[in-house]
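A short worksheet on the structure shown next.
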Amino acid sequence: MKEFEYTITDPIGIHARPAGLLVKLLAAIKSDVKVAKGEKIVNAKSILGLMGLQAKQGEAIKFIIEGADEEEAIKKVEDFLKENL
């Protein structure tokens, strides 16, 4: 299991466009990917789950990745976040 935190830099926070792109990226990943904000933990492969976090600029979210391709998944997710959120 791998975990990392990311602080949202997008002025709008997590919104539909980047959430949809992230879900599309994660569809090709075999590992289980969850996102936590505070006490709330959601499936990162669910656009409704991501939007439900209501993560805003300056807030930290934690990714929890577990599975066969977790190393590759972490790299892809970190790169995506840096470019889009």
What are the two closest non-hydrogen atoms of Val23 and Ala44, and how far apart are they? CG2-O, 3.8 Å
Ile74 vs Val77 side-chain heavy atoms within contact, under 4.5 Å: no
Co-membership, hydrophobic cluster, residues Met1 and Ile61, 4.5 Å side-chain: no
Of all heavy-atom pairs linking Ile41 and Ala36, the shortest is CG1-CB, 3.7 Å
According to a hydrophobic-cluster definition based on side-chain heavy atoms being under 4.5 Å apart (Ile, Leu, Val, Met, Phe, Trp, Tyr only), do Ile12 and Leu85 belong together? no
Tell me, do Gln54 and Ile14 make a side-chain contact under 4.5 Å, heavy atoms counted? no
Full working for side-chain contact (heavy atoms from CB on, under 4.5 Å) between Glu66 and Lys2: CA-CA 6 Å; Glu66 186 171 12; Lys2 302 286 183 186; over 6 Å; no
So do Asp32 and Lys34 actually touch side chain to side chain, heavy atoms under 4.5 Å? yes
Should Ile8 and Met51 be regarded as members of a common hydrophobic cluster, given that ILVMFWY residues are connected when their side-chain heavy atoms come within less than 4.5 Å of each other, either directly or indirectly? yes
ILVMFWY cluster, Phe63 and Val42 together (side-chain gap under 4.5 Å): yes
Mind checking whether Phe4 and Ile65 have side chains closer than 4.5 Å, heavy atoms only? yes
Please lay out, stage by stage, how Lys75 and Glu71 fare under the test salt bridge (Lys or Arg N to Asp or Glu O under 4.0 Å). CA-CA 7 Å; Lys75 174 81 171 106; Glu71 291 293 335; over 6 Å; no
For Leu50 and Ala19, the nearest pair of non-hydrogen atoms, with its separation, is CD1-O, 3.9 Å
Where the side chain of Tyr6 meets the backbone of Glu78, is there a donor-acceptor pair that is under 3.5 Å apart? no
A side-chain contact here means heavy atoms from C-beta on lying under 4.5 Å apart; do Val33 and Glu70 qualify? no
Side chains of Leu26 and Phe80, heavy atoms from C-beta outward: is any pair under 4.5 Å? no
Under a 4.5 Å cut-off applied to non-hydrogen side-chain atoms, are His15 and Arg17 in contact? yes
Are Lys40 and Leu53 close enough that some pair of their side-chain heavy atoms sits under 4.5 Å apart? yes
Say you draw a straight line from CD of Gln57 to OG1 of Thr9; how long is it, rounded to the nearest 0.5 Å? 7.0 Å
For the pair Asn84 and Asp10, evaluate side-chain contact (heavy atoms from CB on, under 4.5 Å) and give the outcome as yes or no after the intermediate values. CA-CA 7 Å; Asn84 296 283; Asp10 188 301; over 6 Å; no
